[in-house]
**Student:** 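Have a look at the structure that comes next, please.
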Amino acid sequence: MNKKKLFPRVLFPQALCSQTLSSVKPIAWSKIAIAAVIASNIWINPALGADPFRTQKPRNIGNQTEAAFNAIFQKGNYKQAQKYVKEAIRDEPDEPLGYAIKASLAYTSNDVSTLANYSKKTLQTAKSLIAKDPLRGNIYAAVGHFLEGSVILLQDGTVKGAPQALRRLRQVYGHLERAESISPRDPELNLLKGYMDLMLAVNLPFSDPEQAIQRLQQNAGPQYLVDRGIAIAYRDLKKYDRALGYVDRALKATAENPELYYLKAQILREQGQRKNNREMIQEAVKFFDQALEKKNQLPERMVKQIARERRRTSERLAR
């Protein structure tokens, strides 16, 4: 839930891209790429695997793949997702989303070898899908290149790895442009591009985050993940009242997800500190505690981060 710096929505000059990439944390490549393309189930066709993005012309994504991303993004249950994604890869080998989830989970456990392996499988499977479904094939080819960029940055560091990462960046946007030429209003595509644009816009001074927010609101889906992304953006823009409104909307749709309680705790803490309001800070501690109630289903590194922020927030109250 830390601030992320991502890629431009157009190909900027290399010097600017290099400057941006030098401040990119590797998790920004992996988790945001996956977060932008995985969401809760809002539509189910009994004859097909669920498509969480489309009510018209749905794709057969696969039941086990659906269960894996629901475990992560509806419930915030990463350990349950490991079981489902194993079954998805076994039973639905032609679906690139399963490999992308596996790669993302590997990052959370700092397993660089598995991350590299399944990033490659995501890209290979996506390229094979292009002939059958050029829209989703190109979307996931972009995700595959994005994930492989995370491997480069993990292995080589942002300074040494920047030139190779920039080449991946060009390929990411090349595939996204091809997908957009096929279906410019596709909700899955606009969710991915909207998240990338938004995370960039809140970190670069010449960018307009409201344009990115509008893109998400108008064309992306499902709504709960749109609301979550906008809440993160407004948190980083220090517009805390708006951030609270959007995180509450996301919580109504996915109330079981402890990551959303963590996000709300962060927003309340920052707002309370700005206003010197002890009651808000006390409420933030309660939401950190709610997130930690489900610590057994979260990655260890995330649990440590939540606990650390909770402790520091509590210490501020004791001053």
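Along the sequence shown, residues carry numbers from 1. Computed over heavy atoms, backbone and side chain alike; hydrogens, waters and symmetry mates excluded.
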**Student:** Is there a side-chain contact between M302 and E259, using heavy atoms and a 4.5 Å cut-off?
**Tutor:** yes
**Student:** Quick one: side chains of residues 276-290, donor-acceptor pairs under 3.5 Å with protein atoms, not counting sequence neighbours, listed by atom name and distance.
**Tutor:**
unit_1 : atom_1 : unit_2 : atom_2 : d
N277   : OD1    : E279   : N      : 3.0
N277   : OD1    : M280   : N      : 3.1
R278   : NH1    : L317   : O      : 2.9
R278   : NH2    : L317   : O      : 3.0
D289   : OD1    : R310   : NE     : 2.8
D289   : OD2    : R310   : NH2    : 3.3

**Student:** Taking only residues two or more places apart in sequence or in another chain, which ones pass side chain to side chain donor-acceptor pair (under 3.5 Å) with Y234?
**Tutor:** E210, R242
**Student:** A231 and L263: which non-hydrogen atoms are nearest, and at how many Å?
**Tutor:** CB-CD2, 4.1 Å
**Student:** Can you name the side chain to side chain contact (heavy atoms under 4.5 Å, CB included) partners of A67, sequence neighbours left out?
**Tutor:** Y84
**Student:** What residues, two or more places apart in sequence or in another chain, satisfy side chain to side chain contact (heavy atoms under 4.5 Å, CB included) together with A106?
**Tutor:** D111, T114, L115
**Student:** In Å and rounded to the nearest 0.5 Å, what is the CD to CD1 distance from E180 to I139?
**Tutor:** 10.5 Å
**Student:** Same cluster for V143 and I152 if Ile/Leu/Val/Met/Phe/Trp/Tyr side chains link at under 4.5 Å?
**Tutor:** no
**Student:** Regarding E177 and R170, does a basic nitrogen lie under 4.0 Å from an acidic carboxylate oxygen?
**Tutor:** no
**Student:** Where do N257 and I72 come nearest, in terms of heavy atoms and distance?
**Tutor:** ND2-O, 3.7 Å
**Student:** My understanding is that only residues two or more places apart in sequence, or in another chain, count here; which of them pass side chain to side chain donor-acceptor pair (under 3.5 Å) with D248?
**Tutor:** K264
**Student:** Does E87 have any salt bridge (charged side-chain N to carboxylate O under 4.0 Å, His left out) partners at least two apart in sequence or in another chain, and if so, which?
**Tutor:** K83
**Student:** Testing the basics here: between V172 and F146, what is the closest heavy-atom pair and its distance to 0.1 Å?
**Tutor:** CG2-N, 3.7 Å
**Student:** What residues form a side chain to side chain donor-acceptor pair (under 3.5 Å) with N77, not counting sequence neighbours?
**Tutor:** none
**Student:** Pair up each side-chain donor or acceptor in residues 127-137 with any protein partner under 3.5 Å, not counting sequence neighbours, and list the distances.
**Tutor:**
unit_1 : atom_1 : unit_2 : atom_2 : d
S128   : OG     : Q124   : O      : 3.2
D133   : OD1    : R59    : NH2    : 3.3
D133   : OD1    : L135   : N      : 3.4
D133   : OD1    : R136   : N      : 3.3
D133   : OD2    : R59    : NE     : 2.8
R136   : NE     : E188   : OE1    : 3.2
R136   : NH1    : E95    : OE1    : 3.1
R136   : NH2    : E95    : OE2    : 3.1

**Student:** Distance from Y140 atom OH to L97 atom CG, nearest 0.5 Å?
**Tutor:** 4.0 Å
**Student:** For a 4.5 angstrom cut-off between non-hydrogen side-chain atoms, does K75 reach N70?
**Tutor:** no
**Student:** Return the set of residues passing salt bridge (charged side-chain N to carboxylate O under 4.0 Å, His left out) with D91 (not counting sequence neighbours), or none when no residue passes.
**Tutor:** none
**Student:** What's the shortest heavy-atom distance between L147 and S119, and which atoms?
**Tutor:** CB-OG, 3.3 Å
**Student:** So that I can tick it off, tell me whether E300 and K295 are bridged by a salt bridge, with the cut-off set at under 4.0 angstrom between side-chain N and carboxylate O.
**Tutor:** no
**Student:** Would you mind reporting whether L105 and Y118 have side-chain heavy atoms less than 4.5 Å apart?
**Tutor:** no
**Student:** Run the salt bridge (charged side-chain N to carboxylate O under 4.0 Å, His left out) test against R274 and tell me which residues pass, sequence neighbours left out.
**Tutor:** none
**Student:** Identify, with sequence neighbours excluded, every residue that meets salt bridge (charged side-chain N to carboxylate O under 4.0 Å, His left out) alongside R167.
**Tutor:** none
**Student:** Using the test side chain to side chain donor-acceptor pair (under 3.5 Å), find all partners of Q271 that sit at least two apart in sequence or belong to another chain.
**Tutor:** D241
**Student:** Grab the two heavy atoms, one from R185 and one from N190, that are nearest each other, plus how far apart they are.
**Tutor:** C-ND2, 3.4 Å
**Student:** Is there a donor-acceptor contact under 3.5 Å from the side chain of T254 to the main chain of Q74?
**Tutor:** no
**Student:** What I'd like to find out is whether the side chain of K294 reaches to under 4.5 Å of the side chain of E256, using heavy atoms alone.
**Tutor:** yes
